[in-house]
2 protein chains.
Amino acid sequence: MEYETPLFFHVMGYAARAERDVIDMVSGNPDWEPPEALRDGLREYADLEPEQFQYPPSDGLYELREEIAERRGVDVDRVIITHGAGEANYLAMARALEREAGTEFVLTDPVYPYYPGKAAMLGATARFVPTADDGRLDPDAVRAAASEETAAIVANSPNNPTGAVYPEETVRELVEIAEEHDAILVSDEVYDHFDLSGAFASALQFDSDHCIVTNAFSKSMAITGFRVGYAVFPPELVENARSRHMLVNVAGSRPSQYAVLRALRETDPAYYEANRELLTERVETFTDALDAAGADYSRPEGSFYVMARFEGYPGTLENVERLIDEAGVAGMPGEAFGSSREDWLRFALVTPRVEEAAARLADYFE
Amino acid sequence: MEYETPLFFHVMGYAARAERDVIDMVSGNPDWEPPEALRDGLREYADLEPEQFQYPPSDGLYELREEIAERRGVDVDRVIITHGAGEANYLAMARALEREAGTEFVLTDPVYPYYPGKAAMLGATARFVPTADDGRLDPDAVRAAASEETAAIVANSPNNPTGAVYPEETVRELVEIAEEHDAILVSDEVYDHFDLSGAFASALQFDSDHCIVTNAFSKSMAITGFRVGYAVFPPELVENARSRHMLVNVAGSRPSQYAVLRALRETDPAYYEANRELLTERVETFTDALDAAGADYSRPEGSFYVMARFEGYPGTLENVERLIDEAGVAGMPGEAFGSSREDWLRFALVTPRVEEAAARLADYFE
């Protein structure tokens, strides 16, 4: 079996080796501070008794599962703490296939590249539904792509890479389509704290036994390196997912879970609000520059990303490298996200130098 | 697909609910102190810049991979940092199957229950080779079980649950058998720091392109909850394993890796030696009591475990529960480790109360 190594690593390596100053807008790593309570949690943990350094429960620290269950309004038995959203999506997609109710995943195009990567690793096929230029997903197109072969529909809102936030009606229809075809909606909501539109709707609100919701603290707490996420399963699907989690990873990382638990309990809503405001400002700055450069783009409603199209400058890897060398700005080639965005580039707004990057792009393309 | 939930959790739950005082000898969680440098590493990490809280390289912090590569005498490109030995074994077994040179795993009986669990999850079959009562593995029996259907032989030395340490000649033969059948030897060496015999031989010394060595800091640093392990792959097998690691877990937990790196660099050999001495004393105390109780056992050469057989008291789950209720000692039923040890019980020497447990067993069975 061959997997495609994500282009991320290639582009980040190229940017790092460049001889000039490059502003990194490649990865989705937040550049802002984690909650102070998270740091406190780590400091506290460092002094605990040896027994606190041993395996946590395989499905996660119980108090952390309880905090999540309470916030999400679900029974704690449905919650598995995972090694980030990455493992959560892996467990969810594997669990959908294990039902033996289809071998195909319906994905969007553009797509977060890990989804088709996981599909290939799991021996499944992927079927892509193109979204509109602004990232809107047409439920009728999903309905047309779904069949009895569908194991799962994998949706991500707020969306990476488009920045779209699917309205409640879209999410409701995705749930219904999954139910109609005895498939699972895997709803990856890892950017839920970065809904800039106010329109975000979690799939959990539809309380369907055909829906698995995945999430993580990686983005909301600016700790992509801690690897603490979770999945909420329907009651009848949770047991086998718990077994797979145990057989692959045994249990999660306890210092990470301990610190996240403390941060979850003690962090004020103002922390999250301030980060949303920061992103909103960056969106403003960056899209102003895109206007000045005459680029096509759609204003992100959520997540960290802006996709842009510059006339005569398709989003190939070659052009991304040229932009690094000639403009000092590193983005991601649109072709990494599927065939529909080969003309586009993706920029992640997770650098304090968004204004400088915007100015460089405006200069370069004007 | 159905997986068997390890009996560990059942037994630990039963012991926790018991109304009397129970000495827990069920799990393999060290009860001694982690290295002080590990705690220092966590404290230091808690104060780092936000960028240090983001994704480490997918295959692990480079400096940690370098430290491991240097100690093990291998090229750093062959080392992947994993989420504990659990993920290392999962990656190794999956990689062996992906070669499409067989769909069967040759395992020992008794067996560490996660191996057949992983085999089932990966859709493979398991074939068991019984070991001698003292845990010795006869390479000729492995040779007789191996065939062109063999994807991998999975061996664990020092062994859980038998305490056996395979001599160099056995390991050499296992490597040769893997080579003869175009299979992989997966050599799980997680207890290498708890070789009490001085006879431990790592499969790495044979430098075979048919061998994957797995290991972790979980036991050697008394941090089963940190989830930092590694696998050393042959050069031609590492790339796909790296991809699977990325597609399942994205990257490891950075605070854990950071703390382990510091501990690996700064911890004196005396730390590991003192823990071996502690275990040696516990073996002495415990086996003296087994003698007094008239039990069969074999003195462990390594790892944390003693398997014992009490006349008229087979190692069923029912008898384990009775021992909890009536003697106040919790062990593991031998049947959890395969059909060859249904008469036996396994006791983990990871409690400061080994002497008390030994006295309780001697009283109960005398």
Side-chain angles (χ1 to χ4, degrees), chain A residues 1-6 9 27 29-34 38-43 45-47 50-58 83-87 90 98 114 117-118 120-121 218 221-228 239-240 242-244 246-256 259, chain B residues 1-6 9 27 29-34 38-43 45-47 50-58 83-87 90 98 114 117-118 120-121 218 221-228 239-240 242-244 246-256 259:
Chain A
M1 201 188 304
E2 291 290 330
Y3 317 121
E4 207 176 335
T5 303
F9 299 97
S27 78
N29 282 332
D31 63 301
W32 47 87
E33 271 287 332
L38 183 105
R39 295 180 182 274
D40 290 339
L42 272 187
R43 291 180 191 113
Y45 184 86
D47 292 322
E51 73 174 332
Q52 297 292 322
F53 284 43
Q54 310 310 321
Y55 298 116
S58 178
H83 188 74
E87 192 208 350
Y90 161 72
E98 280 175 1
Y114 276 93
K118 285 178 211 276
M121 181 182 71
S218 305
M221 294 187 183
I223 49 166
T224 56
F226 276 50
R227 315 307 304 134
V228 183
E239 208 46 51
N240 271 21
R242 191 177 273 126
S243 295
R244 180 177 287 265
M246 190 156 54
L247 289 168
V248 170
N249 278 334
V250 184
S253 172
R254 192 162 186 160
S256 291
Chain B
M1 203 187 307
E2 291 289 330
Y3 317 122
E4 207 175 337
T5 302
F9 298 97
S27 78
N29 282 332
D31 64 300
W32 47 86
E33 271 288 331
L38 184 106
R39 295 181 181 275
D40 291 340
L42 273 187
R43 291 180 192 114
Y45 184 86
D47 293 322
E51 73 175 331
Q52 296 292 323
F53 284 42
Q54 310 310 320
Y55 298 117
S58 178
H83 188 75
E87 191 209 348
Y90 161 72
E98 280 175 0
Y114 276 94
K118 284 178 212 277
M121 181 181 71
S218 304
M221 294 187 181
I223 48 167
T224 56
F226 276 51
R227 317 306 304 132
V228 184
E239 207 45 52
N240 272 22
R242 191 177 273 126
S243 295
R244 179 177 287 265
M246 188 156 55
L247 288 169
V248 170
N249 278 334
V250 184
S253 171
R254 192 163 188 160
S256 291

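Reminder, nothing fancy here: chain letters follow the sequence lines and each chain counts from 1. Predicted, not measured: the structure shown is a model, and the values here were computed from it.
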For the interface with chain B, which of [options] has the highest count of heavy-atom pairs at distances below 4.5 Å?
options                              : answer
A:Tyr45, A:Phe226, A:Tyr55, A:Trp32  : A:Tyr55
A:Lys118, A:His83, A:Gln52, A:Arg242 : A:His83
A:Ile223, A:Asp40, A:Asp31           : A:Ile223
A:Ala251, A:Ser58, A:Gly84           : A:Ala251
A:Ser218, A:Gly86, A:Pro255          : A:Pro255
A:Val228, A:Val248, A:Thr224         : A:Thr224

*Atom CZ in A:Arg244, atom CD in A:Glu239: separation rounded to 0.5 Å?*
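The CD atom of A:Glu239 is 14.0 Å from CZ of A:Arg244, to the nearest 0.5 Å.
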Which atoms of [X] come close to chain B, meaning under 4.5 Å heavy atom to heavy atom: side chain ones, backbone ones, both, or neither?
X        : result
A:Pro57  : neither
A:Asn249 : both
A:Arg254 : both
A:Glu87  : both
A:Tyr90  : side chain
A:Asp47  : both

_Side-chain touch B:Val250/A:Tyr114, heavy atoms, less than 4.5 angstrom_ =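 Yes. Closest side-chain heavy atoms under 4.5 Å.
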_Any A:Ser256 side-chain heavy atom under 4.5 Å of A:Arg227 side chain_ =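 Not touching, per the 4.5 Å side-chain cut-off.
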*How far apart are the closest heavy atoms of B:Ala259 and B:Leu38, and which atoms are they?*
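Taking B:Ala259 first and B:Leu38 second, the nearest heavy atoms are CB-O, 3.6 Å.
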*Would you tell me whether B:Ser253 and A:Ser253 have side-chain atoms, one donor and one acceptor, within less than 3.5 Å of each other?*
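Looking only at side-chain atoms, A:Ser253 and B:Ser253 do form a donor-acceptor pair, the distance falling under 3.5 Å.
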*Evaluation steps, salt bridge (Lys or Arg N to Asp or Glu O under 4.0 Å), between B:Arg39 and B:Glu33*: CA-CA 10 Å; B:Arg39 295 181 181 275; B:Glu33 271 288 331; 3.2 Å; yes
*Heavy-atom neighbours of B:Glu51 CD exceed 12 at 6.0 Å*: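 Count not over threshold, so no.
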*Donor-acceptor pair, side chain of B:Gln54 and main chain of A:Ala222, under 3.5 angstrom*: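 Yes, the answer is positive, given that a donor and an acceptor are paired below the 3.5 Å cut-off.
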